[in-house]
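Heads up, the thing below is written out as structure tokens.
Lettering follows sequence order; numbering is per chain, from 1. What you see is a predicted model, and the numbers here were worked out from it, not measured in a lab.
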There are 2 protein chains.
Amino acid sequence: MNTQLVDLDVDLDKETPISACPHEYHPHCNNCRLAGICLPFALEGKEIDELDNIIQRSKPLQKGQHLYREGDGFESVYAVRSGTLKAYQTTDDGREQVTGFYFPGEILGMDGIAKNSHASSARALETAAVCEIPFTSLEKLSAGMPHLQRHFFQLMSREIAEDQQLITLLSKSSADERVAALLLSISSRNARRKLSATQFRLSMSRVDIGNYLGLTVETVSRVFSRMQKMSILQVENKEIEILDLEALKEMADLR
Amino acid sequence: MNTQLVDLDVDLDKETPISACPHEYHPHCNNCRLAGICLPFALEGKEIDELDNIIQRSKPLQKGQHLYREGDGFESVYAVRSGTLKAYQTTDDGREQVTGFYFPGEILGMDGIAKNSHASSARALETAAVCEIPFTSLEKLSAGMPHLQRHFFQLMSREIAEDQQLITLLSKSSADERVAALLLSISSRNARRKLSATQFRLSMSRVDIGNYLGLTVETVSRVFSRMQKMSILQVENKEIEILDLEALKEMADLR
DNA sequence: AGCGCTTATTGACGCAAGTCAAAGAGCGCT
DNA sequence: AGCGCTCTTTGACTTGCGTCAATAAGCGCT
């Protein structure tokens, strides 16, 4: 019965290729409220239009649908416009490792540049919309726009630095610290989008959280319960309220 | 007495800034036997010369000396010419996380681009020489040389993909698997430089290995002993011989 | 509203790897 | 050659998290 689910999902992908919808919704970088997060400050009006021209929008991805799969030819990087996606790799024996969650304004797919094929898969955790940025166009545009070139070097560098943070987390921290760190990360990314830093809905399952943090579901669940008992969190299923941000920060720091 | 060691090391750095030696050794990309690893294939002779012009060589780093430190202003990325370096981050409470080892032909420092300051420190594990590549020059040059631009995007992307591999390793693997994976990584990187894939000297200590793999020294040591007992390895201090490459590969695969 | 699914919580138990401790090996110094 | 480091190995014990198992809670279906 597991197999059935997977097949279903594959069919879904085939039935609805993400760039073939007749009634596409076409927003523009110019009036995008996420531009501050995903574009370089220093870009001028005319430059933004040039960038806007190469970007392809497409109909939203449904929950569970793939944006790309490990091994797919690399064509584009993607900016999240709404919803959440997870990136993950599959090991030889079929197990999954979640390598990142991507929220609106964030960019994914950059790990595919090296080998010209995607090094990870990306799927929507809920209905999600993305801007597709064809990479060769981006390269050409970058060559003539120093700000843009710099911006993409910076984006990739940030991805490296963040992965290294995660490496440290996985290598040195207890279960409590890992969960605390993830919650704080989500909190600050929400704040950047002018959403509440203390109250939000987790778009990912406990399984995904555990997978990302190198923990089992049970452990994640236990940590949530413990934090609730300590009045640091209010957990109601996927709804999280951070009651004591300071305590959470203290918890996230390696002791 | 630990303090003394640290102070000594800082003094060393101050006394010998890496670009102020009167008798610098000046090799060129043109005749560098590592060019195949660190440069893009597609670069033409004239282009290589241009790149060569912006690269700064300096006197070798001594064992323990820093190439850069976390928080230092970001100026350049570095290609290793000889020796080995480790990159590491220091957590708030002073503990260290080794985020990578860098062998000849490999490039480090790219995590500094995002914030314009280095996100990690890099120090020599043995006497080492590096080529310093000033980043602003590299950016300018890239804008006019598509191959070079592409190459650096690829290098950064590869770093991302490799970090994600490490994330999976730390998140999902047993001590045996981690050590096996590191040995195989070193083995294949040696092979790429036409060195023996089965016999080599570990330039890093057991502490560094453990730190990198998220294990304690004791565990690393025990794994080596176990592998020796199983006739997979011949371990003699830092000298390693891989006796059974297949068995090692099997071990590295997640089971 | 009620069935069948997936997801989450909680408890009891076991084990891989960490901690503590001590001894031995390697290596730079004088 | 011998002292004083640091690095490595090995053993005995502890522990945090994984595993297994059972129950409960959510959610999309009809």
Out of D:dG18, C:dT19, D:dT8, minimum distance to the side chain of B:Lys238 belongs to D:dT8
Starting the side chain at C-beta, find the nucleotide from D:dC17, D:dT10, C:dA8 nearest to A:Ser221. C:dA8
Roughly, in whole Å, what's the span from CD1 in A:Ile240 to P in C:dA8? 11 Å
Hey, does the side chain of B:Thr216 come within less than 4.0 Å of C:dG18's phosphate (OP1/OP2), counting only N and O? yes
Take the protein atom NZ of B:Lys229 and the nucleotide atom C1' of D:dT10, then report the distance between them rounded to whole Å. 9 Å
Please tell me whether A:Ser185 and A:Arg189 have a donor and an acceptor in their side chains that are separated by less than 3.5 angstrom. yes
Between A:Arg206 and C:dT9, is there a side-chain N or O to OP1/OP2 distance below 4.0 Å? yes
Run the ring-centre check on B:Tyr78 versus B:Tyr68 and record whether the distance is less than 6.0 Å. yes
Quick one: the side chain of A:Arg222 and the base of D:dT19, do they pair up donor-acceptor inside 3.5 Å? yes
With heavy atoms under 4.0 Å as the rule, sort B:Ser205 into base, sugar-phosphate or nothing. sugar-phosphate
Here the distance between atom C1' of D:dA24 and atom CG of A:Asn237, to the nearest Å, is 12 Å
Could you walk me through whether A:Arg201 and A:Glu239 satisfy the salt bridge (charged side-chain N to carboxylate O under 4.0 Å, His left out) test, starting with their C-alpha distance in whole Å, then the side-chain angles of each, then the deciding distance to 0.1 Å, before giving a yes or no? CA-CA 4 Å; A:Arg201 184 170 198 288; A:Glu239 295 295 336; 3.6 Å; yes
Regarding B:Gly210, tell me which of base, sugar-phosphate or nothing describes its non-hydrogen contacts under 4.0 Å with the strands shown. nothing
Select one nucleotide: of C:dG26, D:dG18, C:dA8, the one nearest the side-chain heavy atoms of A:Leu215. D:dG18
Would you indicate, yes or no, if C:dT9 has its OP1 or OP2 atom less than 4.0 angstrom from a side-chain nitrogen or oxygen of A:Ser225? no
